[in-house]
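Data block below; observations after.
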There are 2 protein chains.
Amino acid sequence: MYSIQDVSKKTGLSAHTLRYYEKEGLISGVERSQGGFRQYTDEDLEALGLICCLKNTGMSLQEIAEFVRLTYQGDYTLKERVELLRQHRENVVQRMAEMQRYLDKVTWKINFFSEKLRAYEEQQASRKDAG
Amino acid sequence: MYSIQDVSKKTGLSAHTLRYYEKEGLISGVERSQGGFRQYTDEDLEALGLICCLKNTGMSLQEIAEFVRLTYQGDYTLKERVELLRQHRENVVQRMAEMQRYLDKVTWKINFFSEKLRAYEEQQASRKDAG
DNA sequence: CTAAACCTTAAAGTTCACTCTAAGTCAATA
DNA sequence: TATTGACTTAGAGTGAACTTTAAGGTTTAG
């Protein structure tokens with residue numbers, strides 16, 4: 001059992017954000033102590049791990065909430081969930097490929113500017129020699 | 001010479017956005033017709049190309065504006081610009097590596113759920129047989 | 001027992017990158 | 001000439017994902 005502060009440290013999400021995620025339906029069924037304090041289990045942490053993966057690969061909180069909702073509906077939504085994750089993975093793969101193309105252009109520009117810089121520095125050096 | 005509409009089509013940015021970028025200092029020195037209409041040159045398009053690359057690899061408009069500002073200061077900022085682009089590239093490479101790690105976890109989850117799904121479907125089939 | 005941590009609701013504020021509207025003027029094209 | 005498209009400033013609106021604040025109450029750990 002972990003307090004909200006423990007989970008905050010483990011996940012890097014603030015306690016505020018954890019409560020916010022709960023409100024938005026990204027986490028459900030977090031147990032409470034007698035006094036009403038949140039007590040996260042290892043399964044909750046596991047679920048949060050997947051949530052972070054999805055978030056960090058660009059899935060919106062809304063979509064994640066939808067995924068979580070399916071999870072809570074039981075095994076009969078497994079097919080849909082697998083499909084959803086596969087689609088997401090496909091999107092990410094494509095975005096990464098696109099990113100790589102943009103990055104290649106940036107690299108090209110770096111080389112171009114480097115050459116220009118080399119020429120510029122040479123010119124500066126020869127000016128110094130002359131002057 | 002291209003009108004704002006031409007450039008909008010070529011870059012995929014709206015005319016609104018092009019004016020907004022100008023206001024924010026991402027593009028400078030766009031020529032005008034006698035009547036005050038923007039007339040983009042091939043160099044402007046070239047510059048916009050780099051801007052889009054930077055934007056699409058996650059650089060903020062603020063940082064891009066800073067880069068453009070350096071560009072307009074002349075060749076003596078070449079070194080700084082090359083350094084800036086190299087740093088950006090490094091960041092992007094790292095973000096992509098991180099993304100790949102998250103994606104691997106997602107893939108792992110897909111496999112896990114797929115196996116669970118297989119078991120579930122088998123169970124459903126045997127129930128059908130029995131009933 | 002006390003101090004720190006937690007709880008609640010509700011709403012306001014923040015940042016980013018647009019996106020749109022208004023209101024009026026001016027230019028270019030068929 | 002009529003209409004479409006461009007121009008201006010200035011400000012409001014949007015959506016995502018938080019973040020903060022307030023205000024007051026309760027619980028838990030040392």
Side-chain angles (χ1 to χ4, degrees), chain A residues 1-41 44-45 48 50-69 88 91-92 95 98-99 102, chain B residues 1-41 44 48 50-69 88 91-92 95 99 102:
Chain A
M1 294 300 198
Y2 311 96
S3 75
I4 199 164
Q5 230 24 264
D6 293 340
V7 175
S8 173
K9 270 165 207 155
K10 275 175 197 283
T11 61
L13 302 165
S14 75
H16 274 304
T17 301
L18 286 167
R19 291 193 203 101
Y20 168 70
Y21 279 7
E22 205 173 312
K23 201 178 94 193
E24 298 295 307
L26 271 73
I27 333 165
S28 298
V30 176
E31 284 180 48
R32 300 300 182 104
S33 70
Q34 290 168 326
F37 283 27
R38 283 170 184 80
Q39 293 186 308
Y40 295 84
T41 63
D44 291 329
L45 277 183
L48 274 169
L50 179 53
I51 286 167
C52 287
C53 276
L54 295 177
K55 195 194 64 166
N56 290 325
T57 48
M59 191 182 278
S60 74
L61 298 192
Q62 224 177 68
E63 286 173 295
I64 297 173
E66 171 62 16
F67 179 83
V68 170
R69 206 180 55 71
H88 177 62
N91 294 345
V92 177
R95 261 196 302 118
E98 193 189 49
M99 199 104 142
Y102 285 123
Chain B
M1 294 300 196
Y2 311 95
S3 76
I4 200 164
Q5 230 26 262
D6 293 339
V7 176
S8 173
K9 270 165 206 152
K10 275 176 196 282
T11 60
L13 302 165
S14 75
H16 272 306
T17 301
L18 285 167
R19 292 195 202 98
Y20 168 70
Y21 279 8
E22 205 174 313
K23 202 177 93 190
E24 297 294 308
L26 273 72
I27 333 165
S28 299
V30 176
E31 284 180 47
R32 300 300 183 103
S33 70
Q34 290 168 327
F37 285 26
R38 284 171 185 81
Q39 293 186 307
Y40 295 83
T41 63
D44 291 329
L48 273 169
L50 179 53
I51 286 167
C52 287
C53 276
L54 295 176
K55 195 193 66 166
N56 290 325
T57 49
M59 192 182 277
S60 73
L61 298 193
Q62 226 178 67
E63 286 173 294
I64 297 174
E66 171 63 16
F67 179 82
V68 171
R69 206 180 55 71
H88 177 64
N91 295 344
V92 177
R95 260 198 300 118
M99 200 101 144
Y102 286 122

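Here is how names work: the chains are called A, B, and so on, in the same order as the sequence lines, proteins then strands, and each is numbered from 1.
We find that B:R69 and B:E66 are joined by a salt bridge, their nearest charged nitrogen and carboxylate oxygen being less than 4.0 Å apart. Ion pairing of A:E24 with A:K55 is absent here, as no side-chain N (NZ or NE/NH1/NH2) approaches a carboxylate O to less than 4.0 Å.
Going from atom CD of B:E22 over to atom C1' of C:dC18 covers 16 Å, rounded to whole Å. Rounding to whole angstrom units, CG of residue A:L13 and P of D:dC18 are separated by 7 Å. Whole-Å rounding puts the A:E31 CD to C:dC6 C1' distance at 17 Å. The CD atom of A:Q34 sits 15 Å away from the C1' atom of C:dC6 (whole-angstrom rounding). For the pair A:I27 CD1 and D:dC18 P, the computed distance is 11 Å after rounding to whole Å. Atom-to-atom, NZ of B:K9 to C1' of D:dA6 comes out at 14 Å; the value is rounded to the nearest Å. Rounded to an integer number of Å, the gap from A:L26 CG to D:dC18 C1' is 12 Å. For A:D6 and D:dT28, the CG to C1' distance is 13 Å, given to the nearest whole Å.
Picking from D:dC7, C:dT8, C:dA17 the nucleotide with the shortest atom distance to the side chain of A:R38 gives C:dT8. For A:R19, taking side-chain heavy atoms from C-beta onward, the closest of the listed nucleotides C:dC7, D:dC7, D:dA17 is C:dC7. Of the listed nucleotides (D:dC18, C:dC18, C:dC6), C:dC6 has the atom at the smallest distance from the side chain of A:F37. Of the listed nucleotides (D:dA16, D:dT28, C:dC7), C:dC7 has the atom at the smallest distance from the side chain of A:I4. Considering only side-chain atoms of A:H16, the nucleotide from C:dT8, D:dC7, D:dT20 that sits closest is D:dT20. Taking every side-chain heavy atom of B:R32 into account, D:dT8 is the closest of D:dT27, D:dT8, C:dC18. Ranking D:dT19, C:dA17, C:dC6 by closeness to the A:T17 side chain, first place goes to D:dT19. Closest contact between the side chain of B:Y20 and the listed nucleotides C:dA17, D:dC18, D:dT28 involves C:dA17.
For the atom pair CZ (B:F37) and CZ (B:R32), the distance works out to 10.0 Å, reported to the nearest 0.5 Å. Rounding to the nearest 0.5 Å gives a distance of 9.5 Å between CD1 of B:I4 and NE2 of B:H16.
Side chains of B:Y21 and B:L61 form a contact here, defined as non-hydrogen atoms less than 4.5 Å apart. Side chains of A:E98 and B:N56 form no contact here, defined as non-hydrogen atoms less than 4.5 Å apart.
Both B:G35 and B:S60 lie near DNA chain C, and the one whose nearest nucleotide falls closer to the 5' end is B:S60. Across the interface with DNA chain C, nearest-nucleotide mapping of B:K23 and A:S3 shows A:S3 to be the residue nearer the 5′ end.
The side chain of B:Q5 contributes an N or O atom lying less than 4.0 Å from OP1 or OP2 of D:dA6. A close approach under 4.0 Å does occur between a side-chain nitrogen or oxygen of B:Y21 and OP1 or OP2 of C:dC18.
Among the protein residues, B:E24 comes within range of no part of the nucleic acid, since none of its heavy atoms lies under 4.0 Å from any strand.
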